[in-house]
Amino acid sequence: MFSKTPPILQEFISLLYWTMLAACTVGPGTVVTCARAGSEYGLSLIWALVFATVLAYTLLEGTARLTIVSGMSLGQCLRVKYKNTANIYNTALICWLVAISVYLGNTFYQLNCWAGGIDAILAIPGTDNSTTLRVLCCIGYAVIVLVLLYWDKTDKLGVFLGIVMIGMAVLFLIVVIKMGVDWESLGTGFLPNIPDKRENAAEPTDMVLSLVSTTALGFNLFLGGSMAEGRQLKSAQRGIAFSTVCAFLVSSLILIIGSGDHGNEIIDEFEIADIADAVSKFFGTTGVVIYSLGFISAALSSMLTVCLGAALTVDSLFSADTIKGTLLKINELFKLISLISL
């Protein structure tokens, strides 16, 4: 007979499960934003990542606590609280607004993930930037994402994304170790400050807002609430803490890489290739390949979790009857459009 899983291994698997939130957080937008912040303002804005991490943990922990104590997800709590307000198909109007906002936001975010994933592949040395390759990349990503989502194993998917996250952190850590860190600037960067605007650089306040918004994602609350269902509060707190710290470490490593020697030149439009060029100055082709693999992992993990987060949001905000009634109305609309076109 097989012995029970050791408690330490159970805890490790639980932590990996929660890193699904970090995998969703650290996507192409985070990579570009953090790298650009480092390139244009050095390590002076790393405090914004600390603030965003604390904010993300506070919101996620509160959502998990609400789910565990009430036995309902965040979306279900919204349905109960606003059930007597204006509604459509027996679902509160505010639930429709939240669902539509999350759906649209996740759609745009998914486009960003796809574009970043393609750029990550194109950053590999010797890759031909052709339309054919771009199309094949889209098809390849789509197949991988659909297969993993069709697998419908959220726990196993969380562990897989956790491994991807740890691997990505190790890749970026190797780059940072070889590059070296200005510890004095790093220490100063933890003190809240708004640096003077540099020529051709983004506004420092805009950069701070970007760093916060790419770390503390709103729709992560619905994903985190769904993940907390059936779990103990202490375990959820440890998992959320581990996840937010992982996201902070990876984001900080990317920012440090972006702060490397760029010849003190700020370009008008920051692109993915600029990060690859900066890495190649220290490590040549090998460094660029390491960076590309890490970026591909970030894009793929975000593609998966964005879809999952949107689906869980809709599932928690709407009842089965509401979803069924809406689909019937949509089907009737398509039939009407078909008749008109004929």
Side-chain angles (χ1 to χ4, degrees), residues 11 13-27 29-30 49-83 85 91-106 109-110 154-155 157-159 161-162 165 211-248 250-251 301-302 304-319 322-323:
E11 181 65 19
I13 294 175
S14 176
L15 294 178
L16 286 180
Y17 168 76
W18 282 101
T19 51
M20 187 187 303
L21 296 173
C24 183
T25 300
V26 182
T30 301
L49 291 177
V50 177
F51 171 79
T53 300
V54 174
L55 176 63
Y57 174 81
T58 302
L59 295 175
L60 288 168
E61 194 275 343
T63 304
R65 182 187 295 271
L66 176 65
T67 300
I68 294 171
V69 173
S70 68
M72 297 184 294
S73 65
L74 177 60
Q76 291 170 333
C77 289
L78 287 174
R79 283 165 51 190
V80 172
K81 181 174 178 60
Y82 296 101
K83 64 181 180 179
T85 61
T91 298
L93 182 60
I94 190 173
C95 293
W96 283 95
L97 294 176
V98 170
I100 292 172
S101 299
V102 170
Y103 175 79
L104 293 177
N106 283 26
Y109 190 64
Q110 189 71 289
T154 305
D155 289 353
L157 179 60
V159 173
L161 293 177
M165 174 60 60
L211 289 172
V212 174
S213 61
T214 56
T215 303
L217 299 173
F219 77 89
N220 253 8
L221 299 181
F222 292 93
L223 177 60
S226 298
M227 292 173 65
E229 292 179 359
R231 296 182 178 270
Q232 298 296 321
L233 179 59
K234 292 295 184 182
S235 176
Q237 289 173 331
R238 291 194 298 270
I240 292 171
F242 181 75
S243 177
T244 51
V245 168
C246 282
F248 167 75
V250 174
S251 299
S301 60
S302 292
L304 289 165
T305 48
V306 165
C307 294
L308 190 59
L312 290 173
T313 299
V314 172
D315 182 62
S316 65
L317 285 169
F318 299 113
S319 64
T322 302
I323 295 175

Item to complete: Please assess V54 against T58 for the test side chain to side chain contact (heavy atoms under 4.5 Å, CB included), listing each intermediate value before the final yes or no.
Response: CA-CA 6 Å; V54 174; T58 302; 4.2 Å; yes
Discussion item. Applying side-chain hydrogen bond (donor to acceptor under 3.5 Å, both in side chains), can you list everything that pairs with E11, at least two apart in sequence or on another chain?
Written reply: R238
Worksheet item: Is a side-chain N or O of T214 found less than 3.5 angstrom from the main chain of L211, in a donor-acceptor match?
Response: yes
Practice prompt. Please name all residues satisfying side chain to side chain contact (heavy atoms under 4.5 Å, CB included) with A92, sequence neighbours left out, ordered by chain then number.
Written response: Y82, T85, I94, C95
Worksheet item: What is the distance from atom CG of N106 to atom OG1 of T313, rounded to the nearest 0.5 Å?
Response: 6.5 Å
Worksheet entry | Rounded distance [0.5 Å steps], OG in S73 versus CG in L78 | 8.5 Å
Item to complete: Using atom types as modelled and distance alone, determine if a side-chain donor or acceptor of T244 lies under 3.5 Å from a backbone N or O of A56.
Response: no
Discussion item. Do V98 and V102 make a side-chain contact, defined as non-hydrogen atoms from C-beta onward lying under 4.5 Å apart?
Written reply: yes
Worksheet item: Would you say the side chain of S316 lies within less than 4.5 Å of the side chain of F222, judging by non-hydrogen atoms?
Response: yes
Discussion item. Side chain to side chain contact (heavy atoms under 4.5 Å, CB included) for L317 and T91? Distances and angles first, verdict last.
Written reply: CA-CA 8 Å; L317 285 169; T91 298; 5.9 Å; no
Worksheet, complete the sentence: Output for pair (L221 CG, L59 CG), nearest 0.5 Å, gives 5.5 Å
Discussion item. Quick check for you: to the nearest 0.5 Å, what is the distance between L55 atom CG and T215 atom OG1?
Written reply: 9.5 Å
Worksheet item: For T30 and S251, which heavy atoms make the closest approach, and how far apart are they?
Response: CG2-OG, 3.4 Å
Discussion item. Considering only residues two or more places apart or on different chains, which pairs with a residue in residues 64-77 satisfy salt bridge (Lys or Arg N to Asp or Glu O under 4.0 Å)?
Written reply: E61-R65
Worksheet item: Between the side chain of T53 and the main-chain N/O of L49, is any donor-acceptor distance below 3.5 Å?
Response: yes
Practice prompt. Would you please name every residue forming a side chain to side chain contact (heavy atoms under 4.5 Å, CB included) with Y103, sequence neighbours left out?
Written response: T107
Practice prompt. State, with a plain yes or no, whether a side-chain heavy atom of Y17 is found less than 4.5 Å away from one of R231.
Written response: yes
Worksheet item: A228: what forms a side chain to side chain contact (heavy atoms under 4.5 Å, CB included) with it, not counting sequence neighbours?
Response: W18, A64, T67, I68
Item to complete: Given side chain to side chain contact (heavy atoms under 4.5 Å, CB included), test F318 with R79 step by step and report yes or no.
Response: CA-CA 8 Å; F318 299 113; R79 283 165 51 190; 5.8 Å; no
Discussion item. Once rounded to the nearest 0.5 Å, what's the spacing between atom OG of S226 and atom CG of L223?
Written reply: 6.5 Å
Worksheet entry | Minimum heavy-atom distance A22-S243, with the two atoms named | N-OG, 3.0 Å
Practice prompt. Please list, chain by chain and in numerical order, all residues satisfying side-chain hydrogen bond (donor to acceptor under 3.5 Å, both in side chains) with T25, sequence neighbours excluded.
Written response: N220
